[in-house]
Amino acid sequence: MPEFVMPDLAPVMPEIVMTILALVTLIADIIFKRKETLAILSIASVVLVFFVLFGTPFKTTFNGMFIADGYSLFFKLIFLLNVVLTVLISMRYLVIERVNFGEYYSLILFATLGMMLMASAGDLIVLYLGLELMALSTYILAGFITYDMKSNEAAMKYFLLGAFASAFLLYGISMIYGLTGTTDLNAISEYIILNGLTANPVVMLSMILFAVAFSFKIAAVPFHMWAPDAYEGAPTSVTAFMSVGPKAAGFAVLGRVFLIAFGSVRMDWSAVLIPIAILTMGVGNIVALSQTNIKRMLAYSSIAHAGYALLGIIAGTGEGLASVMNYLLIYAFMNIGAFAVIIMLRTEGFKGDTITDYEGLAKSHPLAAALMLVFMFSLTGIPPTAGFMGKLYIFMSAVYAGYTWLVVVAVIFSAISAYFYLRIVMYMYMREPKESVSLAATPALGIALAITAAAVIIIGVLPSAVVSFARAAVAGF
Amino acid sequence: MVPLNWYLMLSTVVFMIGVFGFLTRKNIIIMFISVELMLNAVNISLVSFSHFLQDLRGHILVFFIITVAAAEAAIGLALIIALFRNKTTAHVDEMTEMKG
């Protein structure tokens, strides 16, 4: 009879603390009548988890099921940042939408817990559980405005296609488990190499099923159909949240599963991912040209950005992975910044989400227009903003890995994207205002905008600190 | 003893029925049942692999899948009710608030 040995809990401490605090937030909802208290509580929780995270030793625990390393640490920082910025931009917005309920904040914390588990997963079972915890919480958040039909519809589409994708993921897991007899990522890789299964059709089938399931999560074409509807219909703050968090988590598991478990069949999976990346950049950028709703436009833009980030995974090197992580961090700042401006335009009785609502914004609200200008420049990738640096590092890593032609394609699509980003700038600065737009500016929203705008400009001018941090993070991968 | 291949064939057939149902039916509840069918197809293959490999991981994963599927059903039905209150339909062809 084997003796029960308590696993080492130190590497899991951030997740344990996060679970407790998410539950505390859920209970605090009953006690506190003012929901702003819960917002502050959830930001305080995230700050606490942040400090715990830096005291966590880099170790593997639960028999290799849970890995705490630099790679997961970097992704967890993106997730925590995502929570802080989302909560800051949500506080006033939820009141305006008349859905100021406390469970919003605990759902965000639970979704983030799922993402943290995904980033640390060393085993397919943990990966699946983390993914479902994240996805189930996000489905509810997408349908949070229950009286609004658009929100219902967004949640419904997101839910149906998300559940469909996770069934594919499970089928892939069951195939690889049947072949190798294990669900541990390192053990799968060893088994494939030891038994010379690099050309085995079951390995290929399961690799393709994983690629399909992860493409759904990161909204890559042709598995992107849910994204525009889900992003347009969901509450704007949730759109900001789910365009950064779940996407980064998708890339975290994509990197770990493909580079570790399927590391020996790299040529085969890059042959699958290259067409996906090209289609993603193409469809994302070209369909965005014809959008009239700004949230829908940013949804297509986020599809296109997933395409750029895929280049770093395709490169398959440590440098490529570091540039993806760097890019996702920068994307978190610039995308949530843009959504913060959109949220500011949403006032009582005014939706403010069509592109024409931005006409003449520079005349009536010069500061808001200037901030939007910075974020749009950054999303296009114009120096000296962070978006330029992020793209530069990704493209460089792909060129070094020998995919110069792919980078040429990416640059062409990136040039096309300038049209629809700069159109917003043109509307703001070169058109006369049609109707007077008032802003719902609050201190919290101001803090979020200050953080994101400062980060976009500082990383754009001095990118080396973030990049060397990302490089150090993948060193132990 | 029933050979492993038979279980795998059953699992593949059930999975394909699920995929086909999801892609062709227009009623949300039927689509949702199709997804459940796909999950159960995976459960069949995992349990049979687990039995033939004499390894417990597959069984453990199946228990997790059943639990998650229950949570997913709760959320899915809640979303359907929320939708039904605003628009008395459970038909995807009538979900046309957003296009493009």
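All chains are named by letter (A, B, ...) in the order of the sequence lines, taking the proteins before the strands, and each is independently numbered beginning at 1. In this text, all values refer to a predicted model and were calculated from it rather than measured experimentally.
Interface summary for chain A: among B:Ser50, B:Ser34, B:Ala69, B:Gly18, the most heavy-atom pairs under 4.5 angstrom belong to B:Ser50. Chain B forms more heavy-atom pairs under 4.5 Å with one residue of A:Glu132, A:Met175, A:Met156 than with any other, namely A:Met156. By number of non-hydrogen pairs under 4.5 angstrom with chain A, the leading residue of B:Ala78, B:Gly76, B:Ser45 is B:Gly76. Per-residue heavy-atom pair counts under 4.5 Å with chain B were compared for A:Ile173, A:Thr292, A:Thr183, and the maximum is reached by A:Thr183.
Shown here for A:Ala155 and B:Leu79, the closest heavy-atom pair between the two residues is CB-CD2, 3.7 Å. Annotation for B:Ser11 and A:Tyr171: closest pair OG-CE1, 3.8 Å, computed over non-hydrogen atoms. The shortest non-hydrogen separation linking A:Ala167 to B:Phe15 is O-CE1, 3.8 Å. B:Phe49 and A:Ser174 make their closest contact through CE1-O, 3.2 Å (heavy atoms, listed as atom of the first residue, atom of the second, distance).
Between A:Phe159 and B:Glu72 there is a side-chain heavy-atom pair separated by less than 4.5 Å.
Of all residues in residues 206-217 of chain A, none places a non-hydrogen atom less than 4.5 angstrom from a non-hydrogen atom of chain B. Taking 4.5 Å as the heavy-atom cut-off, the residues of residues 133-141 of chain A that approach chain B are A:Leu136, A:Tyr139, A:Ile140, ordered by number. Using non-hydrogen atoms only and a strict 4.5 Å limit, the part of residues 60-68 of chain B facing chain A consists of B:Leu61, B:Phe64, B:Ile65, B:Val68.
Note on A:Asp184 versus B:Arg57: no salt bridge recorded, every NZ/NE/NH1/NH2 to OD/OE distance being 4.0 Å or above.
No side-chain donor-acceptor contact under 3.5 Å links A:Tyr177 to the backbone of B:Leu46.
A distance of 7.5 Å separates OG1 of A:Thr146 from CG of B:Asn86, quoted to the nearest 0.5 Å.
Here A:Glu15 pairs with A:Lys76 under the salt bridge (charged side-chain N to carboxylate O under 4.0 Å, His left out) rule; sequence neighbours left out.
Residue contact with chain A, scored on non-hydrogen atoms closer than 4.5 Å, involves the backbone and the side chain of B:Ile80 alike. When heavy atoms are compared at a cutoff of 4.5 Å, B:Leu23 approaches chain A solely by way of its side chain, counted from C-beta outward. Only the backbone of A:Asp148 has a heavy atom closer than 4.5 Å to any heavy atom of chain B.
No more than 12 heavy atoms of other residues, nucleotides or ligands shown are found within 6.0 angstrom of OH on A:Tyr419. The environment of A:Arg423 atom CZ is dense: over 12 non-hydrogen atoms of other residues, nucleotides or ligands sit within 6.0 angstrom. No more than 12 heavy atoms of other residues, nucleotides or ligands shown are found within 6.0 angstrom of OH on B:Tyr7.
Aromatic pair A:Phe164/B:Phe32: ring centres not closer than 6.0 Å.
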- [ ] Kindly determine whether B:Met38 and A:Phe168 satisfy side-chain contact (heavy atoms from CB on, under 4.5 Å), including the steps that lead there.
- [x] CA-CA 8 Å; B:Met38 289 163 73; A:Phe168 277 98; 4.0 Å; yes
